[in-house]
Amino acid sequence: MQRILHWAGQTFSSEASPEEPLYKVLERVGLPAGTEILTATTNGSIHELQAPVGDHVEFQLLGWDSPEGKYVFWHSSAHILAEAILSFFPKAKLSIGPPIENGFYYDIDFGDTPISPEDFERIEQKFLELAAQPEYFVRKKVSKEEALSYYQQRENPYKIELIQELPPDDITFYESGNFVDLCKGPHLWHSGPIRAVKILSLAGAYWRGDSRNPQLTRVYAISFPEKALLEEYLHFLEEAARRDHRNLGKQLDLFSFHEEGPGFPFWHPKGMRLLTALQDWMRAKLLRSGYEEIRTPIILTQRLWEQSGHYENYRENMYFTTIDEEPYAVKPMNCPGSTIIYRSRLRSYRELPLRLFEFGLVHRHELSGVLTGLFRVRAFTQDDAHIYCTPEQIEPEITALLQLVNEVYEAFGFSQREIYLSTRPEKYIGSLELWSQAESALEAALRKSGFTFQINPGEGAFYGPKIDFVVRDSLRRRWQLGTIQLDFSMPRRFGLEYIGPDGQPSTPVMIHRAILGSFERFIGVLLEHTAGELPLWLSPIQVKVLPVSEKFYAYADEVGKALAQAGIRWAVDKTDEKLGKKIREAEQEKVPLIWVVGAKEAESGTVSIRDRRTRTQSEGVPLAQAVQDVLQASQPPI
RNA sequence: GCCAUCGUAGCUCAGUGGUAGAGCACUUCCUUGGUAAGGAAGAGGUCGCCGGUUCGAUCCCGGCCGAUGGCUCCA
């Protein structure tokens with residue numbers, strides 16, 4: 001039978017019998033089987049190189065560049081890692097070891113002899129020795145009894161549990177070297193291409209992700225076909241660490257965290273300048289887009305949260321207090337407050353859509369172990385809004401919202417975006433008719449706006465479908481920011497109504513939406529995206545004035561006054577240091593514009609500008625013109 | 001909350017069973033300087049908190065607090 005192979009844009013063909021393994025076919029036509037070519041797909045599913053070709057005709061051959069190649073590569077690496085670990089920890093019990101987005105892990109019960117980071121080096125060395133032999137991955141079909149008795153001998157309850165849940169006629173072991181593991185595959189033909197490995201970290205992980213189960217040790221690692229690729233990856237990790245917003249927050253004196261309030265950020269003066277610049281911009285933009293601003297109380301009576309359903313479903317994450325012997329709760333969300341304003345008087349259909357936004361400060365009790373800088377905090381300010389509209393208005397509202405979201409992300413240079421539409425889950429409230437109307441409105445709006453999006457079937461909230469927005473930063477990391485959620489539940493729970501043209505009351509649809517998500521988290525993302533080099537319009541200090549010596553303080557103050565009058569954020573450095581030192585400090589502060597003033601400038605009423613963004617200098621710019629230039633350059637995007 | 005690792009000066013970190021150090025920052029003095037660190041002196045720590053072992057603990061042990069990496073990527 002004739003087989004067709006696709007590799008690197010070329011097509012090859014060869015005769016092969018069904019029993020012949022795929023790698024033999026490759027070798028016959030002179031392709032780099034098992035070195036550059038790691039695996040293959042046929043009809044969209046992975047076909048191992050060592051597997052007989054069977055009656056498949058067409059094969060797409062895949063290397064390191066493909067997700068499937070990496071998947072197989074890392075899956076096999078997990079086996080080698082387990083083998084290497086077992087050589088030092090013979091009593092360790094394996095559970096599962098899958099490939100992940102960046103590398104792979106293995107969850108292992110180390111019993112009484114725990115692994116520590118000091119063991120990493122010798123395990124890595126052992127790993128490379130094993131991989132270099134190389135080890136061939138051999139698939140073996142075994143009976144359920146065989147499989148069970150193998151792991152009963154080794155007293156491994158995890159594998160036994162897994163086997164018991166498997167169909168009896170579809171259990172496979174993979175052998176590689178002296179190592180055997182229960183595994184469905186697929187794997188590399190052999191370990192030869194695995195030439196570099198790094199054990200990254202240890203973490204606790206519950207067996208099957210359930211906190212009632214025993215906790216295993218998860219060993220994270222990553223492997224590569226070239227040492228240079230590992231180096232590159234380690235550089236990426238270093239760069240990510242350099243951009244860590246927690247470090248930048250400290251270095252740039254923006255915010256801090258303290259034992260006195262774990263998970264509650266303290267905003268310093270420069271951080272507040274950034275936060276308010278961001279909020280001012282957002283506020284102006286929303287007011288221009290047909291929104292009205294509201295503010296609702298932080299503490300509200302517990303009865304309200306019982307009515308909204310939060311008390312029942314979200315109590316674990318809420319803070320409670322007592323006022324005049326009555327139970328109250330600190331708001332974890334802004335929506336109930338918004339509905340109170342909605343129903344504060346009778347509403348007409350003529351008012352809809354009613355768009356109310358609130359920069360709402362919410363408090364949520366997050367588990368202590370999940371707190372992470374500004375990314376996961378216990379108090380944050382959402383750029384929240386609630387749109388009350390009729391079912392017919394959903395589509396135009398979503399269309400307008402998509403445009404708004406687009407403009408906002410574009411303003412920060414988040415040009416790579418992913419959009420997800422989540423549809424009706426199994427458990428839902430509201431009528432099927434309303435759901436399908438809403439889902440098709442969301443989809444129609446997305447299509448009309450020309451955005452590419454993915455559908456996550458059944459992933460919507462029980463109270464309505466939603467759209468989620470994910471951006472990629474300059475290091476290509478993914479961040480979920482905005483969300484648009486339709487809500488059929490809350491308007492009913494709170495008895496919201498509007499009077500229609502026929503004089504009869506109807507229930508509005510509520511759209512919850514946040515674009516940045518929370519200002520705190522967004523600032524964290526923005527700091528990592530820009531490595532702290534914020535755009536001029538957001539910089540806490542836009543211009544730093546550096547007098548060459550004490551003699552020019554008076555002129556520096558004059559310059560500062562001009563900046564202040566123009567509404568530009570500025571600072572002057574009056575430390576007793578030489579100019580070089582002041583420049584260095586200002587550069588490390590990541591100030592976009594440095595204005596040097598000395599004898600020449602004072603005399604001629606000019607400034608000498610050092611621009612961080614263009615790495616250029618221009619001397620003798622008249623003060624008035626320099627101020628105008630900054631004003632113009634610091635205009636926020638639309 | 002659970003697991004692992006960590007917690008020494010404002011920051012970054014070194015160090016030891018016999019009550020502690022560096023660089024930067026800070027204060028003072030000298031210096032009045034032209035595009036990424038001028039010089040000198042000084043001040044600053046109950047070595048996260050509580051308890052235990054010890055003649056003696058920052059160091060060893062336990063608990064607590066906080067931080068970091070993880071904890072629905074399922075053979």
Side-chain angles (χ1 to χ4, degrees), chain A residues 71 74-75 78-79 82 94-107 109-110 114-118 142 147 151 156 158-167 170-174 180-185 187 200-220 241 244 246-247 250-251 253 256-263 316 365-373 546-553 575-589 594-601 608-612 615-619:
Chain A
Y71 181 93
W74 283 331
H75 194 180
H79 280 227
L94 304 175
S95 66
I96 58 166
I100 53 175
E101 202 178 331
N102 288 302
F104 55 94
Y105 67 76
Y106 217 118
D107 280 351
D109 180 351
F110 281 92
I115 185 173
S116 94
E118 282 147 38
V142 294
Y151 282 110
N156 186 324
Y158 312 106
K159 294 288 187 186
I160 289 170
E161 191 180 321
L162 292 169
I163 293 164
Q164 270 158 354
E165 292 168 15
L166 292 173
D170 189 23
I171 299 176
T172 51
F173 279 8
Y174 270 81
V180 177
D181 199 5
L182 172 74
C183 184
K184 72 175 171 191
H187 279 282
L200 297 169
S201 64
L202 298 176
Y206 299 109
W207 170 236
R208 318 208 108 180
D210 189 330
S211 58
R212 288 166 302 192
N213 285 338
Q215 193 155 26
L216 309 173
T217 304
R218 178 168 294 180
V219 185
Y220 281 95
D244 189 315
R246 291 167 297 193
N247 296 333
K250 212 179 276 182
Q251 283 161 24
D253 197 15
S256 57
F257 287 91
H258 303 276
E259 289 196 15
E260 290 82 352
E316 300 296 307
H365 179 249
E366 301 287 353
L367 294 178
S368 59
V370 305
L371 302 176
T372 305
L546 306 187
V548 170
S549 83
E550 215 172 336
K551 290 182 196 155
F552 311 107
Y553 282 6
T575 56
D576 181 19
E577 296 291 350
K578 288 178 137 175
L579 183 62
K581 177 69 174 286
K582 294 184 183 184
I583 300 261
R584 181 181 153 82
E585 298 268 306
E587 287 287 344
Q588 286 181 338
E589 239 182 309
I594 293 170
W595 285 7
V596 175
V597 295
K600 282 181 291 191
E601 291 79 9
S608 287
I609 301 168
R610 182 180 160 122
D611 190 323
R612 190 201 67 206
R615 316 270 169 206
T616 55
Q617 283 172 233
S618 29
E619 293 192 12

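Quick note on labels: first sequence line is chain A, next is B, and so on, each numbered from 1.
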Write down the distance between [atom1] ([X]) and [atom2] ([N]), rounded to a whole number of angstrom.
X	N	atom1	atom2	answer
A:I115	B:rU5	CD1	P	11 Å
A:I100	B:rG69	CD1	C1'	13 Å
A:W207	B:rC73	CH2	C1'	15 Å
A:L202	B:rC71	CG	P	14 Å
A:R208	B:rC73	CZ	C1'	14 Å
A:I163	B:rC74	CD1	P	19 Å
A:F110	B:rU5	CZ	P	12 Å
A:L371	B:rG1	CG	P	9 Å

Tell me what [X] touches on the nucleic acid: a base, only sugar-phosphate, or nothing, going by heavy atoms under 4.0 Å.
X	result
A:N102	nothing
A:G103	nothing
A:S368	base
A:L166	base
A:P98	nothing

Discussion item. Closest-nucleotide mapping onto RNA chain B: is A:Y71 or A:D244 further toward the 5' terminus? I mean the 5' end.
Written reply: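 It is A:D244, whose closest nucleotide lies nearer the 5' terminus.
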
Grab the two heavy atoms, one from [X] and one from [Y], that are nearest each other, plus how far apart they are.
X	Y	value
A:F257	A:G263	CE2-C, 4.1 Å
A:I594	A:A586	CD1-CB, 3.6 Å
A:V219	A:I115	CG2-CD1, 4.5 Å

Could you measure between the two [atom1] atoms, the one in [N] and the one in [M], and give it in whole Å?
N	M	atom1	answer
B:rC6	B:rC60	P	10 Å
B:rC11	B:rC26	C1'	12 Å
B:rA9	B:rC47	P	10 Å
B:rU72	B:rG15	P	36 Å
B:rA22	B:rG34	P	32 Å
B:rA41	B:rG51	P	41 Å
B:rU16	B:rA57	C1'	11 Å
B:rG48	B:rC13	P	15 Å

Please enumerate all residues that pass side-chain contact (heavy atoms from CB on, under 4.5 Å) together with [X], with sequence neighbours excluded.
X	value
A:V142	A:E146, A:A147, A:I171, A:F173
A:K250	none
A:E585	A:K581
A:R612	A:E533, A:E587, A:K590, A:P592, A:R615

Fill in: Residues which pass salt bridge (charged side-chain N to carboxylate O under 4.0 Å, His left out) with A:E550, listed by chain and number, not counting sequence neighbours
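Checked A:E550 against salt bridge (charged side-chain N to carboxylate O under 4.0 Å, His left out); zero matches.
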
Discussion item. Test of understanding: with salt bridge (charged side-chain N to carboxylate O under 4.0 Å, His left out), list the residues that count as partners of A:D253, not counting sequence neighbours.
Written reply: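 Scan of A:D253 (salt bridge (charged side-chain N to carboxylate O under 4.0 Å, His left out), adjacent residues dropped) gives none.
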
Fill in: Out of B:rG69, B:rG33, B:rC71, whichever nucleotide has its closest atom nearest the side chain of A:V370
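Shortest atom-to-atom distance from the side chain points to B:rC71.
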
Show every donor-acceptor pair shorter than 3.5 Å between a side-chain atom in residues 94-105 of chain A and any protein atom, with sequence neighbours excluded, or say none if there are none.
unit_1 : atom_1 : unit_2 : atom_2 : d
A:S95  : OG     : A:D107 : O      : 2.6
A:Y105 : OH     : A:R218 : NH2    : 3.4

Discussion item. With a 4.0 Å cut-off on N to O distance, would you call A:D170 and A:K184 a salt bridge?
Written reply: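 A:K184 and A:D170: not salt-bridged.
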
Discussion item. Applying side-chain hydrogen bond (donor to acceptor under 3.5 Å, both in side chains), can you list everything that pairs with A:H187, at least two apart in sequence or on another chain?
Written reply: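 Listed in chain order: A:S76, A:H79.
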
Worksheet item: For A:S608, which residues count as a side-chain hydrogen bond (donor to acceptor under 3.5 Å, both in side chains) partner, sequence neighbours excluded?
Response: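 Residues passing side-chain hydrogen bond (donor to acceptor under 3.5 Å, both in side chains) with A:S608: A:E601.
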
Discussion item. Any N or O donor-acceptor pair under 3.5 Å from the base of B:rG1 to the side chain of A:Y206?
Written reply: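 Flag set: donor-acceptor pair detected.
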
Discussion item. Applying a 3.5 angstrom cut-off to the pairing atoms, does RNA chain B sit in any stems of at least three consecutive Watson-Crick or G-U pairs? List them by first number.
Written reply: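 B:1-7 with B:65-71, B:10-13 with B:21-24, B:26-30 with B:38-42, B:48-52 with B:60-64 - these are the stems of 3 or more pairs that involve RNA chain B.
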
Worksheet item: Does A:F110 reach the side chain of A:L202, with side-chain heavy atoms less than 4.5 Å apart?
Response: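 Not touching, per the 4.5 Å side-chain cut-off.
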
Which atom pairs link the protein and nucleotides 10-12 of chain B when you take only N or O atoms and keep those under 3.5 Å?
unit_1 : atom_1 : unit_2 : atom_2 : d
B:rU12 : OP1    : A:K250 : NZ     : 3.0

Worksheet item: Can a side chain N or O of A:R246 be found less than 4.0 Å away from OP1 or OP2 on B:rU68?
Response: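 Yes, within the criterion.
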
Practice prompt. Examine B:rC3: is either OP1 or OP2 under 4.0 Å from a nitrogen or oxygen in the side chain of A:Y220? Give yes or no.
Written response: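 It does not, given that no N or O in the side chain of A:Y220 lies less than 4.0 Å from OP1 or OP2 of B:rC3.
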
Discussion item. I need a per-nucleotide contact map over nucleotides 34-49 of chain B, read 5' to 3'. Cutoff is protein heavy atoms under 4.0 Å; write B for the base, S for backbone only, - otherwise.
Written reply: BBBBB-----------

